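All values derive from a computational prediction rather than experimental measurement.
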Amino acid sequence: MGKPRHKNLAFWILIRQQLRASKWSVLLAVLATIGLAMTEVLRPWPLKIIFDYVLLEKPVPEWLSFAKGVLEHQKTEAVVGISACLVLVAILKGTFAFAESYQMSRFGNQVAFLLRTRLFNHLQRLSLRFHSQSRMGEMLTKISGDTSTVKSFLSDSALSMASHGLIILASFSVMFLVHVKMTLLVLATFPVLVVTIGLLHRQARTAQRSQRKKQEAISSRISEVLGAVHLVQAFGREQHEQKRFDKDNDKYLSVALKNARIESAAARAVEVTSALGTAAVVAYGSLLVLKNEMTPGSILVFSSYLHGMYRPIRRMVKQIVRLSQLQVSIERISEILSVDQDIVERPNAVSAAGVQGRIEFQQVAFSYNDDGNVLDQISFCIEPGERIAVIGASGAGKSTIMGLMLRLYDPSSGAVLLDGRDLRDYKLDSLRSQFSTVLQDSLLMGSTIHDNIAYGKLDASREDVIRAAQMTHADEFIQRLPDGYDTVVGSKGSTLSGGQQRRLAIARAIIRNSPILIMDEPMTGLDTASESAVNQQLQAFLQDRTSIVITHDLNAAQDADRVLVLQHGRIIRWGKPAEIFQVGQEVGFVEC
């Protein structure tokens, strides 16, 4: 696995890219946020004007001199006009709120789209070494769950927090203008609130990280069990798997409840602070009114701003919990994006066009981890058009040789050459296009039979697909299916027999028509008659092609030009079949 770069750098690079692409939408959302804060600040003032200067007939101040005549002599018109202002402020507030919500929702969805695309693309290109050490449930949770968390925060909370911050700042500013001492009284309750929320935020972040881990465990458990449900049912292990799932689910529930307690505690802290501040304002303000040092309208405005200030604080507290979710999701997404690709093209890589098919291993060693080499300083050469059989016991390193030829891995030391050039000098796509492969696991997609065969060559015609199927005698069973080549097979080909899956996998390799063919246990699952028929077709197809067959079956090696025998990652025999046929006893398997 590659070394991670700066923890969250890759994530913020993507956000910056999307910000540049969506700058006008974000700018409009920011302006709407400012407008929303301004309308919230203006909202209480029409009520003050009605109470103080229309109903109580207080002297009209200088800043309202332009409306003095109306307020003093046309009270009905004044009430109607001020009420209309209230409606206008509400309309403006709704318009600004809609613009902010829509534009940020658009931006959030665009970011989620970009993150999902980049994660999927990046994961596809990470080496098999990385994937062998990762769990599918973890990857699925990061691609779907964590990107959704980012989208939700950007859509619903990012500018809302800024809006709430502006409203709180503006409310305090107006409250200072209305009455300094009462504002300082309110401020005295804030230090405890800030410290409490800070502590709860740290707890929430830790709990969120734990909750995500438990969610990964659940996803991995579901993926594992449903992917092997035939095994579970065959051994009658439904209750056993249910207990394992319930255990994971119970752990997730415990952490989720802890998160809920933290959020509730934060909300209660705001409620207590709000009650203390309101009680202090009501008590002190009432005394000032009784002493004629303050008007009821001013108390109303101050109380309204106090209430308007605590409301966004309550919402911000909830969003702070969501902020902890966002921070954890950013870390988890960055864990993937910051992993360098092990298999990369050199800057001066060339296309692998028109290769002859000469493959050479030069002192190649390879290990998946630090537990020791799977291959240990092996060297051999396959000439163009030569047919090679690679045999050996399980774990001898046969499939690893195939992975190195396809450059699914790079050697720990030494080099693999194609036509005399190091594989690392070729462009990856062009290199792999020179190989047709039949993997040990047939690995069919949950798509039509036509699409599964054409996966080897995406631009293949219908006739090409049928011809490839006929060569593997797959056409016989395909024609009997209800929809023929348009029949959709189950996930991983589960609706087909093992032999049928194998014939489709061979047809997929044949249609690719590459100069080099690698087959890992190609006849697995085929009956004797089918194996003989497919072999006859393959012999014709293999003319003038370099081919490598990986097998346990000594009989399958009889038609090879040369046989390579592996044991514990080392070559112990390398020569013509007749010369080394008896080596089967040495490497731990029996002649069929």
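One finds the CD1 atom of I143 at 11.5 Å from the CZ atom of R332 (value rounded to the nearest 0.5 Å). From T400, atom OG1 reaches atom CE of M402 across 9.0 Å, with rounding to the nearest 0.5 Å. I518 CD1 to L406 CG: the interatomic distance, rounded to the nearest 0.5 Å, is 4.5 Å. The line from CD of E386 to CD1 of I548 is 9.5 Å long, rounded to the nearest 0.5 Å. Remark: L337 CG to L115 CG distance equals 7.0 Å, nearest 0.5 Å. A distance of 12.5 Å separates CD1 of I330 from CD of E335, quoted to the nearest 0.5 Å.
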Exercise for the section: Would you please test L408 and I343 for side chain to side chain contact (heavy atoms under 4.5 Å, CB included) and show each step? Expected result: CA-CA 7 Å; L408 302 178; I343 310 301; over 6 Å; no
Exercise for the section: Start with the C-alpha distance between V563 and I391, add both sets of side-chain angles, then the distance that settles side chain to side chain contact (heavy atoms under 4.5 Å, CB included), and finish with yes or no. Expected result: CA-CA 7 Å; V563 177; I391 62 175; 3.8 Å; yes
Practice task
Would you check, one step at a time, whether the test salt bridge (charged side-chain N to carboxylate O under 4.0 Å, His left out) holds for D559 with R387?
Solution key: CA-CA 8 Å; D559 295 329; R387 300 183 188 183; over 6 Å; no
Exercise for the section: Determine, stepwise, if the pair S447 / N452 fulfils side chain to side chain contact (heavy atoms under 4.5 Å, CB included). Expected result: CA-CA 7 Å; S447 184; N452 270 288; 4.3 Å; yes
Exercise for the section: Begin from the C-alpha positions of R358 and C381 and carry the test side chain to side chain contact (heavy atoms under 4.5 Å, CB included) through to its verdict. Expected result: CA-CA 7 Å; R358 186 178 191 274; C381 181; 3.1 Å; yes
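Closest of all the heavy-atom pairs between L14 and L114 is O-CD2, 3.6 Å. Nearest heavy atoms, A396 versus L566: CB-O, 3.8 Å. Taking all atoms of both residues into account, the shortest heavy-atom contact from S22 to Q110 is OG-OE1, 2.8 Å. Of all heavy-atom pairs between T546 and G357, the closest is OG1-O, 2.9 Å. Nearest approach of A509 to T437, heavy atoms of both residues: CB-O, 3.5 Å. The shortest heavy-atom contact between V390 and K398 is O-CD, 3.8 Å.
Residues I401 and F380 meet the side-chain proximity criterion, which asks for heavy atoms closer than 4.5 Å. The closest side-chain heavy-atom distance from H122 to I336 is below 4.5 Å. Looking at heavy atoms from C-beta onward, R502 lies in side-chain contact with V438 at the 4.5 angstrom threshold. Looking at F541 and L517, their side chains come closer than 4.5 Å, going by heavy atoms from C-beta outward. Residues V565 and I571 form no side-chain contact, since every pair of their non-hydrogen atoms from C-beta on lies 4.5 Å or further apart. You'll find the side chain of R508 stays beyond 4.5 Å of the side chain of R503, heavy atoms only. Side-chain contact between F435 and I359 is present, with at least one heavy-atom pair separated by less than 4.5 Å. At a threshold of 4.5 Å between non-hydrogen side-chain atoms, the residues V374 and H568 do not count as touching.
Pairs passing the salt bridge (charged side-chain N to carboxylate O under 4.0 Å, His left out) check and including a residue from residues 406-417, sequence neighbours excluded, read R407-D410. Residue pairs meeting the ring-ring contact (aromatic ring centres under 6.0 Å, His included) criterion with at least one partner in residues 330-354, sequence neighbours excluded, are absent. Within the structure, the side-chain hydrogen bond (donor to acceptor under 3.5 Å, both in side chains) test picks out the following pairs touching residues 470-480 (sequence neighbours left out): H473-E476, D475-Q479, D475-Y485. Residue pairs meeting the ring-ring contact (aromatic ring centres under 6.0 Å, His included) criterion with at least one partner in residues 498-524, sequence neighbours excluded, are absent.
Using a 3.5 Å distance cut-off with no hydrogens or angles, the side chains of D520 and S399 do pair a donor with an acceptor. A donor-acceptor contact closer than 3.5 angstrom is absent between the side chains of Q362 and S379. S514 and Q434 form no side-chain donor-acceptor contact under 3.5 Å, judged by distance and modelled atom types alone. Judged purely by distance below 3.5 Å, without hydrogens or angles, the side chains of T149 and D146 never pair a donor atom with an acceptor atom.
Of the charged side-chain nitrogens involved, none lies within less than 4.0 Å of a carboxylate oxygen, so that R421 and D419 do not count as a salt-bridged pair. A salt bridge links D376 to R570: at least one charged side-chain nitrogen sits closer than 4.0 Å to a carboxylate oxygen. Using a 4.0 Å cut-off between charged nitrogen and carboxylate oxygen, D248 and K214 do not count as a salt-bridge pair.
For R432, the CZ atom is densely surrounded, since the number of other residues' heavy atoms within 6.0 Å is greater than 12. Other residues, nucleotides and ligands place more than 12 heavy atoms under 6.0 Å from the CG atom of N121. The environment of Y455 atom OH is sparse: at most 12 non-hydrogen atoms of other residues, nucleotides or ligands sit within 6.0 angstrom.
In this structure, the side chain to side chain contact (heavy atoms under 4.5 Å, CB included) partners of S351, at least two apart in sequence or on a different chain, are K427, S430. Shown here are the side chain to side chain contact (heavy atoms under 4.5 Å, CB included) partners of D486, two or more places apart in sequence or in another chain: R462, D483.
Between the side chain of E345 and the main chain of L428, a donor-acceptor pair closer than 3.5 Å is present. No donor-acceptor pair closer than 3.5 Å links the side chain of Q103 to the backbone N or O of V26. Within the 3.5 Å criterion, the main-chain N or O of L418 finds a donor-acceptor partner in the side chain of Y426.
For the side-chain contact (heavy atoms from CB on, under 4.5 Å) test with I378, the passing option among W574, F366, F361 is F361; the others fail.
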